Structures are given as structure tokens and as C-alpha cells.
Amino acid sequence: MPAPPQESLFAVCIPGLEPFVFRELEDLGLIRQAEPNTPGPPPSGRSGSIERGGILFSGTLEDLYTANLMLRCASRVLIRMPAFHAAAFSELRRKAGRLPWERFLSKGHAVALRVTCRRSRLYHSTAVAQRVAAAIQDRLGFCLFQRKWDEEAAQDGLQLILVRLVHDVCTISVDASGALLHRRGYRQATAKAPLRETLACAMLSASQWDKAAPLVDPFCGSGTLPIEAALWSRGIAPGAFRRFSFMNWPVFEPDRFKKLQGSFKAEPPASPPLILASDRDRGAIRMARENAQRCHMAAFIHFSARPFSAIQPPPGPGWMVSNPPFGVRIGRRETLSNLYGRLGGVLKEKCPGWRVTLLVSNPHRLTETGLSFDKKLRVRHGGRWVQIACGRV
Ligand SMILES: C[S@@+](CC[C@H](N)C(=O)[O-])C[C@H]1O[C@@H](n2cnc3c(N)ncnc32)[C@H](O)[C@@H]1O
């Protein structure tokens with residue numbers, strides 16, 4: 001049987017999360033790990049390259065299904081079609097019309113085009129979108145509905161197409177995910193300032209939590225960190241509770257996908273970790289519990305409403321991974337220094353020897369804890385740069 005064709009795939013992520021997605025792709029076997037101590041890129045075949053905002057790699061349609069189903073830190077996965085030169089509308093329409101649209105679109109499909117133009121002769125994004133839509137219809141021979149893309153309300157069945165013109169080179173990508181991948185499907189209730197599930201997973205990954213030792217989040221809000229930790233420790237696919245755009249494509253093979261889902265069946269861990277999640281806000285705890293119920297994780301997380309100073313961590317080494325208030329959207333700025341200072345004190349008293357990973361918007365907050373942090377990573381969150389900081393109590 002001939003080998004299935006390789007597609008050019010791009011796993012998009014929040015800026016700063018590229019190394020985490022790269023690692024995940026390696027762990028899933030979708031890109032080959034570089035030999036230790038070997039300089040340069042990994043051997044040919046399954047190589048991947050880090051670009052700003054994502055990882056470019058090649059793979060089959062089945063690899064694309066796996067990436068959508070299993071990546072915990074990526075925001076979406078795209079198929080990148082071959083780039084072409086386009087400096088005039090006629091050239092754009094002719095060349096875009098040669099792309100294999102029939103693989104992704106069928107009669108009745110609605111499309112949304114998102115266009116960016118930089119340093120190109122074609123700079124009017126609305127006009128570019130019109131020509132690409134016309135090119136798709138030239139190729140398919142029927143009309144398509146066009147709608148506006150709304151990230152917050154990505155409707156099922158709406159196919160997002162991304163068009164980028166840079167220096168007169170046009171790259172068109174077809175989105176395979178639909179709603180952003182952090183929308184796992186279980187979090188319908190959110191407390192104040194929720195964390196994206198993808199960023200929560202990056203924090204867990206940065207913390208090097210072993211998925212067996214106790215994990216505590218004393219500022220759990222709607223429960224994102226403890227729920228993602230519970231799902232991860234049980235090997236449950238982050239995409240197990242949702243649909244993807246590729247399921248509407250004419251080339252989608254449902255049986256192959258079902259088989260693939262079966263191959264990732266979760267195994268309950270031999271010694272399930274103790275996960276403690278608390279917040280002083282009772283309403284947040286109620287929401288967190290409901291969210292955990294929706295993905296069947298409520299039985300594996302101990303939720304309680306209490307201030308962080310009243311946490312009761314188990315003895316022995318463990319991990320605290322948490323997202324305390326930034327003071328931008330919640331809390332009062334003047335009390336924040338106090339809160340971080342007290343947090344350091346509580347950790348020293350109740351969690352000696354524990355590892356701690358915090359998400360902070362202002363590095364000064366780390367100093368206020370009086371703890372030392374040896375690893376700091378910058379990532380985008382809520383339109384600003386923040387830090388994932390890891391240390392030991
Ligand atoms: C940035 S939010 C956490 C968001 C959470 N990671 C999520 O995804 O929903 C900070 C949380 O800290 C809680 N909080 C503020 N002060 C607290 C305190 N003294 N003790 C415990 N929780 C507190 C707030 O109620 C809020 O839910």
C-alpha cells in the first residue's frame with residue numbers, strides 16, 4: 001500500500017508556549033526527538049521547526065487527528081497549503097483556485113476567511129478575501145456561504161481559512177480545529193480571570209510535576225489547573241469532550257478517527273495523585289466542581305472553599321501550581337504585596353521542600369514571596385506578557 005501523503009501542518013500556540021508544544025509533538029512521536037548531544041536539527045523525516053506562535057511539522061491526516069486530540073498546550077492545528085507568489089488579484093484568484101479545496105469543503109459548508117497582508121502589493125484584506133472566496137468557488141463549481149469568524153462563538157460547521165500575504169507570497173491554511181483547542185468542552189462556568197487550559201498545562205509541564213505526588217492549587221478559581229492535572233495524570237485526551245473542524249471535511253475518515261481515539265484510551269494510574277483545589281470564593285468552588293463533573297474528574301479532586309492561609313497540604317513532598325490574583329482584573333492592588341508575602345510565609349510553614357510554580361504578571365511579586373525561583377518563562381496571557389516561575393520552598 002502506498003504511504004499516505006504528508007501534509008504540511010502547523011500547531012499554533014500562545015507566544016511563549018512553543019517549546020512546550022514542540023516537546024508534546026516529540027512525546028507523541030509526531031516529530032522525531034533529536035539525539036542527545038547531537039547539534040543541529042533532528043534527522044530527516046519527522047522534523048519540526050519552531051516559528052513564532054507555533055510549530056511547523058509534516059504528517060499525515062491521522063497525525064493531524066492525533067495533534068488535535070492530544071496536544072494540551074496548542075491553540076489550533078492548521079494544514080498549510082503550498083505557498084505561491086501573488087502580486088495582482090487575477091494572479092491570486094488563478095493560483096488559489098488550483099488548491100485542492102474539494103478535500104475540505106462540500107456543498108452547504110460555510111467559510112470564514114481571515115486575511116493578513118504585510119509588505120505586499122495586495123494590501124486590502126477584504127478584497128483579498130473576496131478573491132480567495134471566488135477562487136474556491138471557481139474550483140468547486142458551487143457557491144459557499146461566507147460568515148464572519150468569531151473566536152468566542154466558533155460555530156460548528158464553519159470552516160476557518162487563514163490567508164497570509166507577506167512580501168507578495170501568499171500562504172493559505174485550512175484550520176482543522178474549529179473552536180480554539182483550550183475549549184476542551186467541560187468548562188462552561190468560569191470564575192473571575194480564568195486561565196486558558198493550554199496555559200494551565202504549560203504551567204504543569206514547566207513544574208515537572210510527576211503526576212503521582214500531591215498537587216495543590218489554593219487559588220483555583222474555576223478549577224482549570226486541578227482539572228487539567230487530573231485529566232493529564234489519568235492520560236485522558238484533552239480533546240476527548242469536543243468536536244473538531246476536520247470532522248466536517250469530505251476527506252475525514254470517521255472509522256480511522258474512532259480507532260485512533262480507542263488507541264488513546266486512558267489507563268487509571270496505579271497510584272492516583274492527591275489533588276487539592278481551594279479558593280476563598282464559594283461561588284468559584286461551586287463552578288469548579290461543576291466543571292470537574294462535566295469531564296468526570298470531580299471524584300479525583302478535593303475542592304474546598306477557604307483562604308489560602310488555611311490550606312492543609314498532606315505531609316511529604318508535593319507540588320503547588322497556582323495562579324494567584326494579578327491585581328489587574330481582581331483584587332485590590334494595595335493588598336497584593338501583602339498577599340504574596342503571606343503566601344511565601346504559608347508555604348514555608350506548611351510546605352517545606354515542596355516545588356512551587358506560579359503565574360505572575362509582575363516579577364516583583366516573586367521577590368515578595370521571599371522564595372527563590374530558578375526557572376522563569378515569559379508567555380502571553382490576557383493581552384500581556386506574564387511569567388511562569390518555578391522554584392522550591
Ligand atoms: C487569577 S484567579 C485564578 C483563576 C483560575 N486559575 C481559573 O482558571 O479560574 C485568582 C483566584 O484567587 C482567589 N483568591 C483571591 N484571594 C484569595 C485568598 N486570600 N485566598 C484564596 N483565594 C483567593 C480569587 O477568588 C480568584 O478565584
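Model, not experiment: these values are computed from the prediction. Atoms within each ligand, like the ligands themselves, are counted from 1 in listed order. Excluded from the calculations below are hydrogen atoms, water molecules and symmetry mates; all remaining heavy atoms, backbone and side chain alike, are included.
- Contact annotation for P218 and ligand 1: only backbone heavy atoms (N, CA, C, O) come within less than 4.0 Å of the ligand.
- The line from CH2 of W232 to CZ of R72 is 6.0 Å long, rounded to the nearest 0.5 Å.
- Using a 4.0 Å cutoff on heavy atoms, A284 does not count as a contact of ligand 1.
- Formation of a donor-acceptor pair under 3.5 Å by the D27 side chain with backbone atoms of E24 is not found in this model.
- Ligand-side atoms of ligand 1 in range of S222: 7 (C), 8 (O), 9 (O), range being under 4.0 angstrom from any heavy atom.
- Residue N323 has at least one nitrogen or oxygen atom sitting less than 3.5 Å from a nitrogen or oxygen atom of ligand 1, judged on distance alone.
- Heavy-atom contacts of L195 reach the following atoms of ligand 1: 6 (N), 7 (C), 8 (O) (cutoff under 4.0 Å).
- Here is the list of ligand 1 atoms found below 4.0 Å of a heavy atom in P194: 7 (C), 8 (O), 9 (O).
- Environment of OH in Y123: sparse, with no more than 12 heavy atoms of neighbouring residues, nucleotides or ligands closer than 6.0 Å.
- Put simply, F145 and W249 are part of two different groups of oily side chains (I, L, V, M, F, W, Y) that touch within less than 4.5 Å, one to the next.
- The environment of R243 atom CZ is dense: over 12 non-hydrogen atoms of other residues, nucleotides or ligands sit within 6.0 angstrom.
- Taking the six-membered ring where tryptophan is involved, the planes of F219 and F308 are tilted, since the angle between them lies from 30° to 60°.
- Ligand 1 has no N or O atom lying under 3.5 Å from any N or O atom of R342, backbone or side chain.
- The distance criterion of under 3.5 Å between nitrogen or oxygen atoms is not met by R306 with respect to ligand 1.
- The closest approach between any non-hydrogen atom of L225 and ligand 1 is not below 4.0 Å.
- In terms of modelled atom types and a separation under 3.5 Å, the side chain of N291 and the main chain of S222 share a donor-acceptor contact.
- By the criterion of a heavy-atom distance under 4.0 Å, the backbone of C220, and not its side chain, is placed next to ligand 1.
- Geometrically, ligand 1 and P324 share no nitrogen or oxygen pair separated by less than 3.5 Å.
- With ligand atoms numbered from 1 in the order given, ligand 1 contributes 7 (C), 8 (O), 9 (O) to contacts under 4.0 Å with heavy atoms of T224.
- Close contacts between ligand 1 and D281 involve ligand atoms 25 (O) [criterion: under 4.0 Å to a heavy atom].
- Taking the centre and axis of the six-membered ring of F300, the NZ or CZ atom of R234 falls inside the cone set by 45° and 6.0 Å.
- Side chains of R187 and T224: a donor-acceptor N/O pair is present below 3.5 angstrom, by distance only.
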